[in-house]
Amino acid sequence: MEFDLVIRNGRVITSRGEISADVGIKGENISAIEKDLHGRDEIDAAGMLVLPGGIDPHVHLQMPVGETASSDDWFTGTRAAACGGTTTVIDFVEPEPGDSLHAALEKRKAEAIGKAVIDFGLHMTITNAETRTLSQIEGMVNEGVTSYKTYLTYDGFKLNDAEFLQVLTTVQESGGIVLVHAENDAAIAYLKARLVAAGKKDPAYHAVSRPAVTEVEAVTRALALAEVAQANLYLVHLSTAGAIQAVRTAQMRGVHAFAETCPQYLLLDERELLRLDFEGAKFVCSPPLRSAIEQPEIWEGLADGTISTVGTDHCPFFFKGQKDLGRDTFTKIPGGLPGIESRLALLHTFGVRTGRLSLPRWVDVCSSLPARIFGLYPQKGALKPGSDADVVIFDPEKKVQLTQSILHENVDYTPYEGFQLTGYPIITIASGKVVYQNGDFIGAAGSGRFLFRQKGDYVS
Ligand code: URP
Ligand code: ZN
Ligand code: ZN
């Protein structure tokens with residue numbers, strides 16, 4: 001068979017293990033994984049790791065927040081993702097009051113199409129449990145949206161327990177899965193008000209207003225409600241040892257719970273918030289960075305399977321002009337960190353090279369499990385004949401010092417400034433085309449497609 005492109009001599013790593021083989025690509029798909037393949041174009045990957053493209057299940061591109069919006073749009077954000085070895089992102093639809101879910105989906109798709117450089121899916125955000133909202137969910141599943149984002153905090157978004165149960169039940173009956181941002185809203189409001197009244201307004205008080213217990217309580221409650229509703233549940237951006245323990249215990253009881261963490265909770269801690277000259281604002285996100293004491297348990301959860309995925313929760317804001325909005329008080333700092341480009345490399349250096357994660361587990365949490373849970377496998381997250389030809393060639397020995405100027409994110413800082421990495425993506429192939437090579441983006445705006453997602457593999 002004549003291939004359009006063959007990746008030769010690499011170490012092919014999938015969630016199942018490692019083999020030495022060539023990867024043959026025809027058009028937009030993988031056609032063969034075998035030895036001694038030849039094609040019209042060939043890439044010699046000797047000494048390199050060859051992986052399925054990364055899947056980031058949690059990003060916020062051009063997301064409106066108060067009077068501003070996250071600074072990466074669908075072009076710059078997906079470009080940065082591709083340059084970091086991520087070939088699929090899943091973002092969110094946030095319906096405006098009065099919009100049907102269908103209309104909101106179409107609007108969000110229209111923002112992305114023509115700009116996205118890699119394929120993308122969309123989770124639908126549900127902010128109420130009114131019959132007119134819930135009755136539209138089944139139809140959305142038939143439009144390729146099989147996951148539903150809920151919040152237990154944030155004004156305008158939060159659901160109470162009764163509403164959350166109703167959403168869990170409806171989504172479960174429709175064959176989808178609920179995602180939840182779980183923090184205790186009342187406790188946070190109480191603490192915030194007291195801190196502000198006491199004149200405690202520096203960025204570091206953001207974390208004081210959202211202590212670990214507010215996550216642990218809400219995660220434990222969300223798990224209990226999922227158990228009552230016998231529904232699948234995906235807990236986003238877990239940041240505490242207590243939450244991981246609650247997930248582990250619930251999974252042992254048979255609750256269908258999946259957990260996500262993010263590089264920032266594995267690698268950064270609350271001391272960053274104390275940086276002088278308002279620089280702590282660069283690290284304001286929710287849930288907040290925690291004490292470093294939390295981190296070993298999160299790594300352990302990632303290694304032992306309690307945590308299924310690493311998403312970035314990429315939600316960038318410029319330090320100058322956006323984070324600045326909260327100079328007078330932490331309550332006005334737009335919350336969120338950049339990170340879409342560095343996920344694979346950070347997890348390689350601090351997960352694989354430290355011995356915390358095997359290579360297949362690294363691929364699983366960054367690619368295959370997000371694909372499985374969100375109904376994209378084996379189109380995505382796999383290197384199999386018929387899968388989309390989304391492939392990363394990763395040099396496991398390449399030394400890189402992370403700094404904002406080498407990244408392609410549209411933001412004026414990286415929270416990982418100065419991090420020393422060993423291992424970095426050198427080529428990213430999306431739908432059979434090389435879109436990134438040795439530091440440069442060479443793809444095209446608009447080549448990313450909306451992904452019609454199926455029910456997830458693990459969704460009962
Ligand atoms: O602070 C954060 N994480 N902002 C993005 C929205 C969210 O809660 O995930
Ligand atoms: Zn969140
Ligand atoms: Zn988020």
Side-chain angles (χ1 to χ4, degrees), residues 55-72 77 81 86 89-94 108 120-127 147-159 164 178-185 188 192 203-210 214-215 218-219 222 233-240 243 258-268 270 272-273 280-290 309-319 322-323 325-326 330-340 343 370 374 409 411 413 415:
I55 298 180
D56 190 336
H58 187 160
V59 305
H60 301 276
L61 304 178
Q62 57 187 81
M63 179 178 80
V65 176
E67 56 193 275
T68 190
S70 59
S71 59
D72 262 319
T86 288
V89 293
I90 314 182
D91 202 306
F92 300 83
V93 182
E94 281 169 4
R108 192 73 170 134
F120 63 94
L122 291 166
H123 307 290
M124 177 63 66
T125 305
I126 303 290
T127 58
S147 47
Y148 294 83
K149 175 73 177 291
T150 61
Y151 292 87
L152 303 185
T153 187
Y154 293 154
D155 291 339
F157 288 85
K158 64 183 180 232
L159 299 179
F164 184 58
V178 168
L179 292 77
V180 66
H181 172 140
E183 290 182 287
N184 183 304
D185 185 67
I188 293 166
K192 238 191 210 179
Y205 290 111
H206 171 76
V208 179
S209 74
R210 312 176 93 94
T214 59
E215 177 176 272
V219 164
L233 182 63
Y234 179 95
L235 297 128
V236 298
H237 54 41
L238 296 190
S239 64
T240 56
F258 304 96
E260 169 196 274
T261 191
C262 311
Q264 54 269 35
Y265 302 118
L266 293 162
L267 299 171
L268 303 172
E270 62 192 3
E272 305 289 3
L273 290 155
K282 291 178 173 175
F283 298 87
V284 166
C285 57
S286 298
L289 301 184
R290 305 293 185 187
T309 66
V310 179
T312 59
D313 197 11
H314 178 75
C315 189
F317 297 99
F318 279 83
F319 180 58
Q322 292 193 294
K323 290 281 186 184
L325 295 167
F330 72 85
T331 60
K332 296 212 169 106
I333 301 171
L337 302 189
I340 204 167
R343 182 181 63 132
F374 293 117
E409 299 165 346
V411 63
Y413 75 99

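Every number for a ligand or one of its atoms is a count from 1 in the order of the listing.
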Just to confirm my output: which protein heavy-atom neighbour is closest to atom 6 (C) of ligand 1, and how far is it? H60 NE2, 3.6 Å
Just checking: H58, one of its N/O/S atoms, less than 2.8 Å away from the Zn ion (ligand 3), yes or no? yes
Go through the side-chain N and O atoms of R290 and S239 and say whether any donor and acceptor fall under 3.5 Å apart. yes
for atom 1 (O) of ligand 1, nearest protein heavy atom and its distance come out as S286 N, 2.8 Å
Side chains of D185 and T153, donor plus acceptor under 3.5 Å: yes
With a cut-off of 4.0 Å, which atoms of ligand 1 are near a heavy atom of C285? 1 (O)
Carefully, step by step, assess D72 and H314 under the rule side-chain hydrogen bond (donor to acceptor under 3.5 Å, both in side chains). CA-CA 9 Å; D72 262 319; H314 178 75; 2.8 Å; yes
Quick one: nearest non-hydrogen protein atom to atom 9 (O) of ligand 1, plus distance? D313 OD1, 3.0 Å
Between F330 and Y205, what is the ring plane arrangement, given parallel below 30°, perpendicular above 60°, and tilted in between? tilted
Are any of the N/O atoms on K149, whether in the backbone or the side chain, positioned under 3.5 angstrom from an N/O atom of ligand 1? no
For the Zn ion (ligand 3), give me the closest N/O/S atom belonging to D313, just the atom name. OD1
Residue K332 excluded, over 12 heavy atoms near NZ under 6.0 Å: no
Considering distance alone, does some N or O of Y154 sit under 3.5 Å from an N or O of ligand 1? yes
Measuring from the Zn ion (ligand 3), name the closest N, O or S atom belonging to H60. NE2
With ring pair (Phe, Tyr, Trp, His ring centres under 6.0 Å) as the test, pick out the partner of H181 among Y151, F157, F164. Y151
What protein heavy atom sits nearest atom 4 (N) of ligand 1, and how far off is it? G335 O, 3.1 Å
For ligand 1, which atoms sit closer than 4.0 Å to a heavy atom of H237? 8 (O), 9 (O)
List the steps, then state whether side chain to side chain contact (heavy atoms under 4.5 Å, CB included) holds for H206 with E270. CA-CA 10 Å; H206 171 76; E270 62 192 3; over 6 Å; no
Taking the side chain from T261 and the backbone from V310, do they hold a donor-acceptor pair closer than 3.5 Å? no
Could you check whether any side-chain N or O of E272 sits under 3.5 Å from a backbone N or O of V284, counting only pairs where one atom can act as donor and the other as acceptor? no
One residue to check: C315. Relative to ligand 1, which of side chain, backbone, both or neither has a non-hydrogen atom less than 4.0 Å away? side chain
Just to the nearest 10 degrees, tell me the angle at the Zn ion (ligand 2) spanned by H181 ND1 and H237 NE2. 90°
